[in-house]
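Report on the following structure.
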Protein chains: 2
Amino acid sequence: MNQSRKNHLDERARIIKAMAHPTRLFIIEELEKEERCVCDLTEEIGADVSTVSKHLSVLKQAGIVIDDKRGNQVFYRLRVPCILNFFGCVESVLESNAREHAALFEFTGK
Amino acid sequence: MNQSRKNHLDERARIIKAMAHPTRLFIIEELEKEERCVCDLTEEIGADVSTVSKHLSVLKQAGIVIDDKRGNQVFYRLRVPCILNFFGCVESVLESNAREHAALFEFTGK
DNA sequence: TGGCTTTTTGGTATAATTGCCAAATACTAA
DNA sequence: TTAGTATTTGGCAATTATACCAAAAAGCCA
């Protein structure tokens, strides 16, 4: 594997890793609807503000969200509009897993 | 956040997390072309066989790949055909990041 | 069977992630 | 300036991920 390909894989993994957490997926889903301030997200998520702030920081570092300070609040929104489509494939893996599980149940009864 | 949504987020995060590693992205890319045995992947990746085997196990657990034993070799292939599209969005994030970086360079010279 | 190849599993050391608390920072408004 | 609100940062403990080596398991063939 050459260095250029390795770098490219590292970059992509970094972005995907930024999405690989339930709370951060939640944030992405919410931001698909409309921008949110940290306080609103914190309330919806039900974790410590500092935790939510760090999740947002991970998403921002990866280039997935962008922030906008207005008054003493910080509003976040998606930076790239295609994230919704992004999850289409994840869903089809999930559905495929579910189908397999159901078939296995049919067969073994477990 | 209700329990059903939380479960759904957990499942999706698990699948995305399975992709969130450079070596596993490499494997997915290679399997897009055609199925591969563990030995071929190991040679291309240049890590210990046991390491590659464990990466494959992660992908299999997530339902992303499927294995097929033939003789004393095990061949892996993608289980869901849409993974290639999946990366379209990751690319656009990367390109967006690159553009921003270039613009910043124009502006600050750094 | 015995030797060979391929793959997986167990063990272990190291590194990265996560979540909370406490403290710092930034801004508003009185 | 002082008090109050919103957010970020530093520090720390607990958990999880990663990579390697050694050994086990599974299959081939002489």
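The model shown is predicted, which means the values in this text are computed figures rather than measured ones. Each chain gets a letter, A, B and so on, in the order the sequences are listed, and its residues count up from 1. When reading the values below, keep in mind they use all heavy atoms of this one structure, side chains included, and skip hydrogens, waters and symmetry mates.
- Side-chain atoms of B:Glu11 and B:Asn7 form no donor-acceptor pair, as typed in the model, at a separation below 3.5 Å.
- Put simply, CD on A:Glu43 is 14 Å from C1' on D:dA6, counting in whole angstrom units.
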Item to check | Nucleic acid footprint by protein, nucleotides 22-30 of chain C - heavy-atom cut-off 4.0 Å, B for base, S for sugar-phosphate alone | outcome: B---SSS--

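- Atom CZ in A:Arg12 sits 10.5 Å away from atom CE in B:Met19 (nearest 0.5 Å).
- One atom, CG of A:Asp40, and another, C1' of D:dT7, lie 13 Å apart when rounded to the nearest Å.
- The stretch residues 52-63 of chain B touches DNA chain D through B:Lys54, B:His55, each having a heavy atom under 4.0 angstrom from the strand.
- Checking the phosphate oxygens (OP1, OP2) of D:dT8, a side-chain nitrogen or oxygen of A:Tyr76 falls inside 4.0 Å.
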Next on the checklist: Between A:Val52 and A:Asp48, does the side chain to side chain contact (heavy atoms under 4.5 Å, CB included) criterion hold? Intermediate values first, please.
Outcome noted: CA-CA 7 Å; A:Val52 175; A:Asp48 194 271; over 6 Å; no

Under 3.5 Å, which donor-acceptor pairs do the side chains of residues 57-71 of chain A form with other protein atoms, sequence neighbours left out?
{"residue": "A:Lys60", "atom": "NZ", "partner": "A:Asp67", "partner atom": "OD2", "Å": "3.1"}
{"residue": "A:Asp68", "atom": "OD2", "partner": "A:Arg70", "partner atom": "NH1", "Å": "2.6"}
{"residue": "A:Arg70", "atom": "NH2", "partner": "A:Glu35", "partner atom": "OE2", "Å": "2.5"}

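- The distance between atom CG of B:Leu9 and atom P of C:dT18, rounded to the nearest whole Å, is 15 Å.
- Atom CD1 of B:Ile15 is separated from atom CG of B:Asp10 by 11.5 Å, given to the nearest 0.5 angstrom.
- The residue B:Phe75 sits apart from the nucleic acid: no heavy atom pair falls under 4.0 Å.
- Residue A:Ile16 contributes atom CD1, which lies 19 Å from atom P of C:dA16 at whole-angstrom precision.
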Item to check | Worked check of side chain to side chain contact (heavy atoms under 4.5 Å, CB included) between B:Glu44 and B:Phe26 | outcome: CA-CA 9 Å; B:Glu44 295 184 271; B:Phe26 175 84; 3.8 Å; yes

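- A:Thr51 places no side-chain N or O within 3.5 Å of a backbone atom of A:Ala47 that could act as its donor or acceptor partner.
- In this structure, the NZ atom of B:Lys17 is 8 Å from the C1' atom of D:dT16, given to the nearest Å.
- Taking only side-chain atoms of B:His21, from C-beta outward, the nucleotide of D:dT18, D:dT8, C:dC20 with the closest atom is D:dT18.
- Whole-Å rounding puts the B:Asp68 CG to D:dG27 C1' distance at 15 Å.
- Note: CG (A:Leu41) to C1' (D:dA6) measures 13 Å, nearest angstrom.
- Salt-bridge annotation for B:Glu29 and B:Arg24: absent, with no side-chain N of the basic residue lying under 4.0 Å from a carboxylate O of the acidic one.
- The backbone N or O of A:Phe75 sits nowhere less than 3.5 Å from a side-chain atom of A:Arg36 that would complete a donor-acceptor pair.
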